[in-house]
Amino acid sequence: MKKWKITPGGEPVLILAHNYVRPEVQKEADHVGDSLELAKIAREIRNGTIILAGVGFMAEMAAILSPTSRVIHPEPFSQCAMATRLNPDILEKAREAHQGVPVVTYVNSSAQIKACSDICCTSANAVRVVESLGVPRVLFTPDRNLAGYVARKTGITVIPVPEFGCCPVHHTIMGPEILDRKKRYPDAVVLAHPETTEDVQDLADFVGSTSGMVRFVAGKNFRTVIVGTEPGIIPRMRQVSPKTRFIPASSFSTCPDMKMITLAKIKQAIMNEGPVVTIDPLVASGARRALERMMAVP
Ligand code: 13P
Ligand code: SF4
């Protein structure tokens, strides 16, 4: 742990930041990473105080996986727009319609949805998680684009629940816009997050999680890279490949909820020692089961 901060009460604080938050927040964080990396770090903390600089489901995950810790989410209004679109009734109806088919839930979801699921996954491990089940069909919630990516990679039938669940931010990234940029920079390498649509993924040289994309460009010295995800990742990419020109694939793909996490709010949260994330214990234990099952997948 690099640079613990001290609360007025004298307790150390660990700041975990997602790859999409503002650069000045990333700079102050002890760790910056994708959803899986942040969840794994939180899971190792006992009796700590964690500030989760990311959207709500990330703070919830940290609280679920580190039950002895106090997890502070500096801005409770910062919620993943995809996660808030799904409610447990829709999932229960799908379960009834497809009895015996396991439910795989992308972590971009509420604790309640996780608690109603068999196993969780992130964009970094979705293919391995689905393959680990050894079944011909799964229900996959709530992102139809990640579901499609997994289906194409595994050959397994992946049924999206809800049918049109998606990230509104990644849906602003369009194939024709990428082709336009490719005309200007014909040697450009294209990266895409699996939350983008299939036509965007088809144009990409690499599809992967946010940190997966950073690792892909590290040390390669590509001349130009078109970044098919939220542009908050670009400063991290510049750190690992300073000579590369990074171009956002869309001019509109900023996630407003990620940007709600500011340094001022983090400072305020440290002063106030809150707001602390609280989750109904029954919901938390159901969600923990699905998350721990994911963590056990090699
Ligand atoms: P990662 O798990 O790849 O960091 O993605 C999280 C996310 O919210 C993408 O929009
Ligand atoms: Fe959610 Fe999309 Fe923002 Fe990621 S980019 S947190 S999936 S709304």
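The first residue in the sequence is number 1, and the count goes up from there.
Smallest separation of non-hydrogen atoms from Val297 and Ile119: CG2-CD1, 4.1 Å. Considering every non-hydrogen atom in both Ala249 and Gly228, the closest pair reads CB-CA, 3.7 Å. The two residues Val169 and Cys255 come nearest to each other via the heavy atoms CG2-CA, 3.7 Å. The minimum heavy-atom distance between Ser132 and Val129, with the atom names listed, is OG-O, 2.6 Å. The shortest heavy-atom contact between Arg288 and Pro67 is NH2-CB, 3.8 Å. Between Met258 and Ser78, the closest heavy-atom pair is N-OG, 4.4 Å.
The structure places NZ of Lys40 at 6.5 Å from CE of Met295, a figure rounded to the nearest 0.5 Å. Remark: Asp187 CG to Arg223 CZ distance equals 4.5 Å, nearest 0.5 Å. In this structure, CG on Leu36 lies 11.0 Å from SG on Cys120, to the nearest 0.5 angstrom. Atom SG in Cys121 sits 7.5 Å away from atom OH in Tyr106 (nearest 0.5 Å). The CD1 atom of Ile50 lies 9.5 Å from the CG atom of Leu65; values are rounded to the nearest 0.5 Å.
Residue pairs meeting the salt bridge (charged side-chain N to carboxylate O under 4.0 Å, His left out) criterion with at least one member in residues 102-111, sequence neighbours excluded, do not occur. Sorted by first and then second residue, the pairs that involve residues 81-97 and meet salt bridge (charged side-chain N to carboxylate O under 4.0 Å, His left out), not counting sequence neighbours, are Arg95-Asp118. For residues 123-139, the set of pairs meeting the salt bridge (charged side-chain N to carboxylate O under 4.0 Å, His left out) definition, not counting sequence neighbours, is empty. Residue pairs meeting the salt bridge (charged side-chain N to carboxylate O under 4.0 Å, His left out) criterion with at least one partner in residues 162-184, sequence neighbours excluded, are Glu177-Arg181.
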Notebook entry, point to check: Yes or no on side-chain contact (heavy atoms from CB on, under 4.5 Å) for Lys114 and Leu291, after CA distance, side-chain angles and deciding distance?
Noted result: CA-CA 8 Å; Lys114 290 182 178 77; Leu291 283 167; 4.2 Å; yes
Next item on the list: Verify salt bridge (Lys or Arg N to Asp or Glu O under 4.0 Å) between Arg215 and Glu37, making sure each step is shown before the conclusion.
Entry: CA-CA 13 Å; Arg215 280 191 295 273; Glu37 289 167 339; 3.1 Å; yes
Item checked: side-chain contact (heavy atoms from CB on, under 4.5 Å) between Val25 and Ile266, intermediate numbers included -> CA-CA 9 Å; Val25 173; Ile266 291 177; 3.6 Å; yes
Note to self: The test is side-chain contact (heavy atoms from CB on, under 4.5 Å); show your working for Ile233 and Met213 and say whether it passes.
What the structure shows: CA-CA 9 Å; Ile233 189 107; Met213 287 185 268; 5.6 Å; no
Next item on the list: For the pair Arg22 and Leu263, evaluate side-chain contact (heavy atoms from CB on, under 4.5 Å) and give the outcome as yes or no after the intermediate values.
Entry: CA-CA 9 Å; Arg22 294 162 183 259; Leu263 266 188; over 6 Å; no
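Considering only heavy atoms from C-beta on, Pro74 comes within 4.5 Å of Ile51 through its side chain. Proximity of Ser35 to Phe57: side-chain heavy atoms (C-beta onward) are separated by under 4.5 Å at one or more points. Looking at heavy atoms from C-beta onward, Val130 lies out of side-chain contact with Val127 at the 4.5 angstrom threshold. Within the 4.5 Å cutoff, side-chain heavy atoms of Leu191 are placed close to those of Met237. Using a 4.5 Å heavy-atom threshold, the side chains of Leu14 and Thr49 count as separate. Between Glu273 and Arg70, some side-chain heavy-atom pair lies under the 4.5 Å cut-off. Residues Ser117 and Val104 are not in side-chain contact: their nearest non-hydrogen atoms beyond the backbone lie 4.5 Å or more apart. Looking at Ile156 and Val150, their side chains never come closer than 4.5 Å, going by heavy atoms from C-beta outward.
For Ser66, the side chain to side chain donor-acceptor pair (under 3.5 Å) partners are Ser69, not counting sequence neighbours. In this structure, the side chain to side chain donor-acceptor pair (under 3.5 Å) partners of Ser209, at least two apart in sequence or on a different chain, are Asp34. Under the side chain to side chain donor-acceptor pair (under 3.5 Å) criterion, Thr244 pairs with Ser241, sequence neighbours left out. Remark: Arg43 engages Glu292 in a side chain to side chain donor-acceptor pair (under 3.5 Å) (not counting sequence neighbours).
Aromatic ring orientation, Phe206 versus Phe216: parallel (interplanar angle below 30°, classes split at 30° and 60°).
Counting Ile, Leu, Val, Met, Phe, Trp and Tyr side chains that sit under 4.5 Å apart, directly or through other members, Met260 shares a hydrophobic cluster with Phe77. Its side chain within the 4.5 Å cluster rule, Ile173 clusters with Ile178, Leu179, Val190, Val200, Leu203, Ile226 among the Ile, Leu, Val, Met, Phe, Trp and Tyr residues. In the hydrophobic clustering (ILVMFWY side chains linked at under 4.5 Å, chained through shared members), Val101 is joined by Leu86, Ile90, Leu91, Val103, Ile113, Leu139, Ile159, Val161. Through chains of ILVMFWY side-chain contacts below 4.5 Å, Ile247 is grouped with Tyr185.
A donor-acceptor pair under 3.5 Å links the side-chain atoms of Arg152 to the main chain of Gly148, judged by distance alone. Not one N or O on the side chain of Asn272 forms a donor-acceptor pair closer than 3.5 Å with the backbone of Ala269. Using a distance-only test at 3.5 Å, with no hydrogens or angles considered, no donor-acceptor pair links the side chain of Arg236 to the main chain of Val214. Not one N or O on the side chain of Thr254 forms a donor-acceptor pair closer than 3.5 Å with the backbone of Pro256. Judged by distance alone, with hydrogens and angles left aside, the side-chain atoms of Asp257 form a donor-acceptor pair with the main-chain N or O of Gln79 at under 3.5 Å. Side chain of His73 to backbone of Gly54: a donor-acceptor contact under 3.5 angstrom is found. Side chain of Gln112 to main chain of Asn87: no donor-acceptor pair is present (N/O by atom type, distance under 3.5 Å, no hydrogens or angles). With Gln201 contributing its side chain and Thr196 its backbone, the two residues share a donor-acceptor pair below 3.5 Å.
If you run side chain to side chain contact (heavy atoms under 4.5 Å, CB included) between Ile234 and each of Val227, Val225, Asn19, only Val227 comes through. Checked against Asn145 for a side-chain hydrogen bond (donor to acceptor under 3.5 Å, both in side chains), the options His171, His193, Glu195 give a single hit: His171.
With hydrogens and angles left out, the side-chain atoms of Arg245 and Thr224 include a donor and acceptor closer than 3.5 Å. Side-chain contact annotation: His170 with Asp143, donor-acceptor N/O pair under 3.5 Å absent. Tyr149 and Glu198 share no side-chain donor-acceptor pair at under 3.5 Å.
Both Leu146 and Val55 are members of a single hydrophobic cluster when ILVMFWY side chains are connected at heavy-atom separations under 4.5 Å. Both Ile279 and Met294 are assigned to one and the same hydrophobic cluster, defined by single-linkage of ILVMFWY side chains at heavy-atom distances under 4.5 Å.
With respect to the salt-bridge test (charged N to carboxylate O, under 4.0 angstrom), the residues Lys259 and Glu230 qualify.
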